[in-house]
Amino acid sequence: MQPDCGQQCPSGFIQMTDVTDGELANPKSGCSNNQGRPVCCPVDQVPQGCQWRGTANLCNGVCLPGEITLAVDSWGTGKKCTSGHKAFCCESGLTADQIAEATNCQW
């Protein structure tokens, strides 16, 4: 669930972070006036161990094994990336076997 730029999470949801120009923001224009777009999760399903990965200036934010990507953005926390993006990563809660099974792609 993600409200528009400058809005708040609705009742029953908690704000995990916000994005200004990443995949979850408006991809055409981003958010204006320094207003982020909140990333909201249900209060009964809040991911744990979340943090922004990737460091400006040349960001290459990727989540570690066992983490899921909740959002990407040029800002995240701190300075804006001049290249690439930062990733907001949270613990997946899956075991190593579950991750291996879920990522065992074949074609």
Side-chain angles (χ1 to χ4, degrees):
M1 155 17 99
Q2 189 180 25
D4 287 329
C5 298
Q7 294 183 345
Q8 296 181 348
C9 297
S11 178
F13 287 80
I14 188 169
Q15 182 171 339
M16 300 299 297
T17 189
D18 64 351
V19 295
T20 56
D21 62 3
E23 289 178 359
L24 297 176
N26 183 332
K28 294 180 182 174
S29 63
C31 293
S32 60
N33 301 325
N34 295 324
Q35 293 182 336
R37 186 171 184 187
V39 177
C40 306
C41 291
V43 294
D44 62 344
Q45 298 175 15
V46 175
Q48 301 298 306
C50 300
Q51 62 183 304
W52 282 101
R53 297 204 181 274
T55 306
N57 292 331
L58 304 176
C59 300
N60 185 23
V62 292
C63 295
L64 300 177
E67 294 180 334
I68 57 169
T69 304
L70 202 58
V72 296
D73 195 60
S74 294
W75 285 94
T77 57
K79 293 183 177 182
K80 183 177 181 179
C81 304
T82 57
S83 176
H85 64 267
K86 297 177 184 180
F88 188 69
C89 305
C90 300
E91 296 172 4
S92 70
L94 300 175
T95 67
D97 289 340
Q98 290 171 319
I99 293 169
E101 184 178 327
T103 58
N104 186 17
C105 300
Q106 299 178 13
W107 57 96

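All of these numbers come straight from a predicted model, not from anything done at the bench.
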Engineer: Indicate the atoms forming the closest heavy-atom contact of Pro38 with Asp4, along with that distance.
Structural biologist: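 Between these two residues, the closest heavy atoms are CD-O, 3.8 Å.
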Engineer: CD/Glu91 to CG/Leu64 distance, rounded to the nearest 0.5 angstrom?
Structural biologist: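 Result: 10.5 Å between the selected atoms.
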Engineer: To the nearest 0.5 Å, what is the distance between CH2 on Trp75 and OG1 on Thr20?
Structural biologist: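 Going from the CH2 atom of Trp75 to the OG1 atom of Thr20 covers 7.0 Å.
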Engineer: Within the distance-only criterion (no hydrogens, no angle test), does the side chain of Gln48 pair as donor or acceptor with the backbone N or O of Val46 below 3.5 angstrom?
Structural biologist: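 Yes, Gln48 side chain to Val46 backbone: donor-acceptor pair under 3.5 Å.
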Engineer: Is the side chain of Thr82 donor-acceptor paired with the backbone N or O of Asn57 at a distance under 3.5 Å, no angle test?
Structural biologist: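 Yes; judged by distance alone, with no hydrogens or angles, the pair exists.
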Engineer: Roughly how far apart are Gln15 CD and Cys40 SG, rounded to 0.5 Å?
Structural biologist: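 Rounded to the nearest 0.5 Å, the CD-SG separation comes out at 6.0 Å.
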Engineer: May I ask you to decide if Thr77's main-chain N or O and Lys86's side chain share a donor-acceptor pair within less than 3.5 Å?
Structural biologist: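 Checking the backbone N and O of Thr77 against the side chain of Lys86, a donor-acceptor pair under 3.5 Å is found.
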Engineer: Out of curiosity, Arg53 CZ to Thr69 OG1, how far, rounded to the nearest 0.5 Å?
Structural biologist: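 One finds 10.0 Å between CZ of Arg53 and OG1 of Thr69.
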Engineer: Return the minimal non-hydrogen interatomic distance between Ala71 and Val19, and the atom names on each side.
Structural biologist: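 Scanning both residues, the minimum pair turns out to be CB-CG1, 3.8 Å.
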Engineer: Say whether, by atom type as modelled, one donor and one acceptor occur between the side chain of Arg37 and the main chain of Pro3 under 3.5 angstrom.
Structural biologist: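 At least one qualifying donor-acceptor pair exists.
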Engineer: Under the 3.5 angstrom rule, does the side chain of Ser74 hit a backbone N or O of Cys81 as a donor-acceptor pair?
Structural biologist: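 Judged by distance alone, no pair lies under 3.5 Å.
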Engineer: In this structure, would Val39 and Trp52 fall into the same cluster of hydrophobic residues linked by side-chain contacts under 4.5 Å?
Structural biologist: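 Yes, same cluster.
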Engineer: Nearest 0.5 Å please: distance from the CD1 atom of Ile68 over to the SG atom of Cys90.
Structural biologist: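 Between atom CD1 of Ile68 and atom SG of Cys90 there are 5.5 Å.
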Engineer: Under 2.5 Å between the SG atoms of Cys50 and Cys89?
Structural biologist: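 Their SG atoms do not fall under 2.5 Å; no disulfide, then.
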